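Step one of this worksheet: look at the structure below.
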Amino acid sequence: MNNSALLSFLCLFALLHQSLAASPQFNVIQFGAKPDGRTDSTSAFLAAWKQACSSTRGVTLYVPKGRFLTRSMLFKGPCRNSAIFIRIDGTLVAPSDIWAIGNNPNWIEFQYVNGVTISGGVLDGKGAPLWSCKLAGRKCPTGATTLGFSFCNNVLVSGVTSLNSQMFHVVINFCRNVKLQGVRISAPGNSPNTDGIHIQMSTGVTVVNTKVATGDDCVSIGPGAANLRIENFACGPGHGISIGSLGKNVNEPGVQNVTVKSTTFTGTTNGLRIKSWGKPSNGFARNILFQHATMNNVQNPIFIDQRYCPNNIFSNRVLRRCMQASGVRVSDVTYQDIHGTSATQVAVNFDCSKRNPCKGIRLDNVRLTYNSKPAVASCANADGTTIGLVQPGSCL
């Protein structure tokens with residue numbers, strides 16, 4: 001960096017620091033929050049948000065060190081400013097009682113907010129009692145997502161840790177321009193329905209430098225997602241990165257323009273997966289790039305499953321309805337520089353729809369082994385090409 005560039009950067013940093021220093025700061029302690037992990041601080045957080053949202057200038061909402069117990073909280077806009085900075089140095093703790101938040105869709109939710117940054121801190125969802133209830137087959141609430149965003153634009157989540165969510169950890173729904181960076185998500189591998197990051201009906205979402213260990217998909221990409229980028233991402237345990245499930249409904253928006261690069265999967269049930277229900281639908285998944293992925297003992301490193309039908313949770317009537325040819329169209333999917341080890345002999349599995357065969361599948365330098373020996377590829381209704389060294393041998 002030359003002297004003029006360095007001077008410009010220092011001036012910009014000084015202006016930013018001065019701006020943040022001059023902006024109002026609302027400390028949740030001032031609104032009655034108690035950092036003891038026992039006192040309900042929900043009202044204090046919502047009061048601080050009300051002040052921050054009504055300010056005409058950029059503001060900081062500050063959560064100091066300590067443990068803050070809260071029930072479900074809705075941080076709702078639109079706000080009078082588009083620069084709310086939420087700095088968390090402490091830990092937010094959900095109630096241990098599964099019924100306290102378990103019938104709410106979200107524990108912490110942002111709606112209709114434009115321009116919010118959440119930096120640092122730990123979100124402890126206390127999900128273990130609910131998982132135990134579900135695994136025991138008892139009557140339980142559905143469970144809450146830890147952090148939800150709906151109808152929000154220009155969101156940054158940086159350096160946040162989510163622990164033991166009751167259900168999904170982060171959900172992004174009907175949003176634009178959302179970035180998650182340096183996020184850490186952790187739940188046991190047997191925790192049910194604890195997807196790490198779920199994205200649907202949203203565009204311009206970026207996930208970088210993030211690690212997810214959970215009991216379901218590390219990332220799930222649902223209908224209506226477009227222009228997504230995932231980079232420098234580690235997954236395991238978990239069910240991998242999944243586009244889908246798609247095609248559950250007949251009329252459903254598709255998924256397009258997705259880039260997933262520089263990823264590592266360790267001990268996961270899937271690596272890079274596209275899944276759609278075996279039933280009629282007008283959905284689609286197209287223009288997908290999977291690039292630079294490392295598989296470490298992954299059960300299904302590369303998988304297109306167009307006969308998805310989780311038979312452990314549906315009646316025989318529903319099972320019959322979803323064992324048809326999938327209507328979802330899968331096209332223009334590239335797998336480039338995918339290497340490592342498979343935990344099963346079939347490392348590449350393209351199980352595509354008879355009605356709408358997969359088109360434009362590209363395998364470019366894929367090297368996957370099983371027990372130090374060549375793995376196997378399986379194809380049904382899939383058309384595509386190979387480039388460079390491809391192991392196992394292509395079945396396209």
Side-chain angles (χ1 to χ4, degrees), residues 40-43 45-46 49-50 53 68-79 86 92-114 116 118 121-135 138-153 155 157 160-176 178 180 183 185 187 191-202 205 207 212 214-225 239 242 244-246 248-249 252-253 310 313:
D40 186 350
S41 296
T42 306
S43 297
F45 274 76
L46 294 176
W49 171 260
K50 184 177 180 179
C53 188
F68 297 87
L69 176 68
T70 76
R71 292 173 285 109
S72 292
M73 298 184 292
L74 174 59
F75 301 110
K76 192 171 184 179
C79 296
I86 301 175
L92 276 63
V93 184
S96 297
D97 179 2
I98 62 175
W99 296 98
I101 65 170
N103 281 325
N104 294 80
N106 298 280
W107 172 31
I108 302 166
E109 182 178 10
F110 291 82
Q111 281 187 2
Y112 301 103
V113 178
N114 177 32
V116 64
I118 305 172
V122 177
L123 310 177
D124 186 352
K126 292 291 183 181
L130 179 62
W131 310 333
S132 297
C133 179
K134 289 183 175 181
L135 294 172
R138 300 195 300 269
K139 182 181 179 181
C140 319
T142 302
T145 289
T146 285
L147 181 62
F149 297 93
S150 298
F151 305 98
C152 294
N153 299 328
V155 174
V157 180
V160 172
T161 297
S162 176
L163 302 176
N164 300 325
S165 181
Q166 287 189 345
M167 282 279 286
F168 293 12
H169 286 258
V170 179
V171 170
I172 299 167
N173 189 33
F174 289 99
C175 294
R176 297 176 64 89
V178 178
L180 278 62
V183 172
I185 291 173
S191 55
N193 305 119
T194 53
D195 291 50
I197 302 165
H198 179 71
I199 305 162
Q200 67 179 23
M201 303 304 296
S202 297
V205 178
V207 181
V212 176
T214 190
D216 211 300
D217 292 333
C218 290
V219 178
S220 55
I221 300 170
H239 295 182
S242 294
S245 58
L246 304 178
K248 188 174 183 180
N249 300 310
E252 183 180 274
I313 59 174

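Given the structure is predicted, the values throughout are model-derived calculations rather than measurements. Throughout, numbering of the chain's residues begins at 1 and tracks the sequence.
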Which side-chain N or O atoms in residues 145-152 pair as donor and acceptor under 3.5 Å with protein atoms at least two apart or in another chain?
| residue | atom | partner | partner atom | Å |
| --- | --- | --- | --- | --- |
| T146 | OG1 | S165 | OG | 2.8 |

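- Counting heavy atoms from C-beta on, the side chains of C140 and L130 come closer than 4.5 Å.
- Annotation: side chain of D216 is not in contact with side chain of F168 (no heavy-atom distance under 4.5 Å).
- For the pair V157/V170, no side-chain contact is recorded, criterion being any heavy-atom separation below 4.5 Å from C-beta on.
- Looking only at distances, a side-chain donor or acceptor of T214 sits under 3.5 Å from a matching main-chain atom of T194.
- Considering only heavy atoms from C-beta on, L123 comes within 4.5 Å of V160 through its side chain.
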Dump the intermediate steps for side-chain contact (heavy atoms from CB on, under 4.5 Å) on I86 and V116, then the final yes or no.
CA-CA 7 Å; I86 301 175; V116 64; 4.0 Å; yes
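- Nearest heavy-atom pair, A94 versus G125, reported as atom, atom and distance to 0.1 Å: CB-O, 3.6 Å.
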Side-chain donor-acceptor pairs under 3.5 Å in residues 68-77, sequence neighbours left out?
| residue | atom | partner | partner atom | Å |
| --- | --- | --- | --- | --- |
| T70 | OG1 | W107 | NE1 | 3.1 |
| R71 | NE | D40 | OD2 | 2.5 |
| R71 | NH2 | D40 | OD2 | 3.2 |
| S72 | OG | N106 | O | 3.3 |

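- Put simply, the side chain of V122 reaches to within 4.5 Å of the side chain of L163, judged on heavy atoms.
- Contact check for I172 versus L180: side-chain heavy atoms found under the 4.5 Å cut-off.
- We find the NZ-OG distance between K126 and S96 to be 5.0 Å, quoted to the nearest 0.5 Å.
- Here the CD1-OG distance, from I221 to S245, works out to 12.5 Å after rounding to the nearest 0.5 Å.
- Residue H169 forms a side-chain contact (heavy atoms from CB on, under 4.5 Å) with just one option from I185, N164, I197, and that option is I185.
- Side-chain contact between P95 and I101: present, with at least one pair of heavy atoms (C-beta onward) separated by less than 4.5 Å.
- Contact record, M201 with P253: SD-CG, 3.6 Å, taken as the closest heavy-atom pair.
- Within 6.0 Å of the NZ atom in K134, the count of heavy atoms belonging to other residues, nucleotides or ligands exceeds 12.
- The CG atom of D124 sits 9.5 Å away from the CG atom of L92 when rounded to the nearest 0.5 Å.
- The structure places SG of C53 at 10.5 Å from CZ of F110, a figure rounded to the nearest 0.5 Å.
- The NE2 atom of H239 lies 7.0 Å from the CG atom of D217; values are rounded to the nearest 0.5 Å.
- Between Q166 atom CD and W131 atom CH2 the span is 9.5 Å, to the nearest 0.5 Å.
- Not one N or O on the side chain of S202 forms a donor-acceptor pair closer than 3.5 Å with the backbone of R176.
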